[in-house]
Amino acid sequence: MRLLYSIGIFLYGLLLRILAPFHAKARLMVTGRKDWYLRMKQSVDSSQKHIWFHFASLGEFEQGRPVLEAIKNNYLDHKIIVTFYSPSGYEIRKNTNLADHVFYLPYDTAQNARLFLDLINPSFAVFTKYEYWYYYFEGLHSRSIPLFLVSAIFRPEQIFFQAYGTFFLKILGFVTYFFVQNEESVRLLKEFGIRNAGLAGDTRFDRVIDLPKVRKEIPLIAAFVETAPVLVAGSTWPEDEKLLKELLQRFQEYKLILAPHEINEGHIVSILNLWPAALRFSKMTEYDMTTLTEAKVLIIDNIGLLSSLYGFGQLAYIGGGFGVGIHNTLEAATYGMPVLFGPNFKKFQEGKDLIEQGGGFSFADIKGLMDAFERLQDQSKRVEAAKSARQYVQQKAGATPIIIKYLKNANL
């Protein structure tokens, strides 16, 4: 199986090189890893002490950020190495002041893992939620370098727990300790002989709990909103946007702040086809005050504002529920906003919890969305749902102190 795994990694890298001339993301993944060893050797001092953080993409970086910040503040004699797998993380956070060095993670081969670990020789490594790379994990284990998984979550249908998943279960055996999100994950790991796991919770709650206190003031968006009720739609996809179009045709008193998941020009144009009179955030300074106040839809065509935008709304719509799964609901919930999302939320504990506690509302089609939105026009119901959403975030915060306490008790 290890041979098949290695062949799969090789073929994946080959495919990316073939696609690179035609696909922007593939091109970034290839060029970002080109001559990685030479560039790392020139910038990393192997004689210094390092701590290695790896994140799959931007979402995992934000999820693990509270732990990264706490470790940076508690391990002042160490340099922080951050790696990303995806361009969505690296290209946006490559200059973060939370790390001394930021790189793409080289492809998971035996040679790459050996060279990489020789260069940084970390005191310990921290991975967030996803990504289990055989050679990196095996390399850390063979060198007796502690490896921690934070905000990990496991489900019975994952490959580790299938009859054909023995090789992947072995990868989990290289982990020093799992800080998991729920009790179900602890029990599942124990069923398969993995007992080095404990309930800590999801570090995203620690990240989002104070967002309302530090949100950016954006006067031009405030001018757009004025006194109208606002629906903030975050991380939307085309299927979401079609539903929102129908929704706003019925609830015409609402204004819509729309932050799509993909902000490439093709997607923005498709949104403008739905709302030809919509404004673009990148052009806000070009609009006069009348245009700003009379517009009904504002498209956020840049990255980094969404966590502040929820402060302008009364209701939140989270995209992705008609695709691979819902995106971040917690940034909206922390503002005390009822959260609406599509049917694909079963793999997301926070989605299930928000529904159970009355702060989240799922729907399968436009009728379901209309019905949920109609119910939330009752102010008392909306206020109660908003309170439940905010309390949920407050109750779940606190994973980061648990993790830091463990590391200190382990004398790391």
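Counting from 1, the numbers follow the sequence of the chain as shown.
- With hydrogens and angles ignored, the 3.5 Å screen pairs no side-chain donor or acceptor of Asn112 with any backbone N or O of Thr109.
- The aromatic rings of Phe124 and Phe148 sit perpendicular to each other, their planes meeting at more than 60°, with 30° as the lower class boundary.
- Side-chain contact between Lys255 and Pro229 is absent, with no heavy-atom pair separated by less than 4.5 Å.
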Under 3.5 Å, side-chain donor or acceptor atoms of residues 95-103 against the rest of the protein: list the pairs with distances, not counting sequence neighbours.
from   : atom 1 : to    : atom 2 : distance (Å)
Thr96  : OG1    : Leu98 : N      : 3.2
Asp100 : OD2    : Ile80 : N      : 2.7

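- More than 12 heavy atoms of other residues, nucleotides or ligands sit less than 6.0 Å from atom NZ of Lys245.
- At distances below 3.5 Å, at least one donor-acceptor pair connects side-chain atoms of Glu60 with backbone N or O atoms of Ser57.
- Contacts classified as side chain to side chain donor-acceptor pair (under 3.5 Å) and involving residues 157-174 (residues at least two apart or in different chains) are given here: Arg155-Glu157.
- In this structure, Ser43 contributes its side chain and Arg39 its backbone to a donor-acceptor pair below 3.5 Å.
- Between the side chain of Lys25 and the backbone N or O of Pro87 there is no donor-acceptor pair closer than 3.5 Å.
- Although no hydrogens or angles enter the test, the distance criterion places a donor-acceptor pair under 3.5 Å between the side chain of Thr293 and the main chain of Thr290.
- Ring geometry for Tyr406 against Phe179 counts as perpendicular: the plane angle is over 60°, on a 0 to 90° scale with 30° as the lower cut.
- Proximity of a side-chain donor or acceptor of Thr83 to a complementary backbone N or O of Tyr104 within less than 3.5 Å is not detected.
- Relative orientation of the Phe154 and Phe161 rings is perpendicular, given thresholds of 30° and 60° on the angle between their planes.
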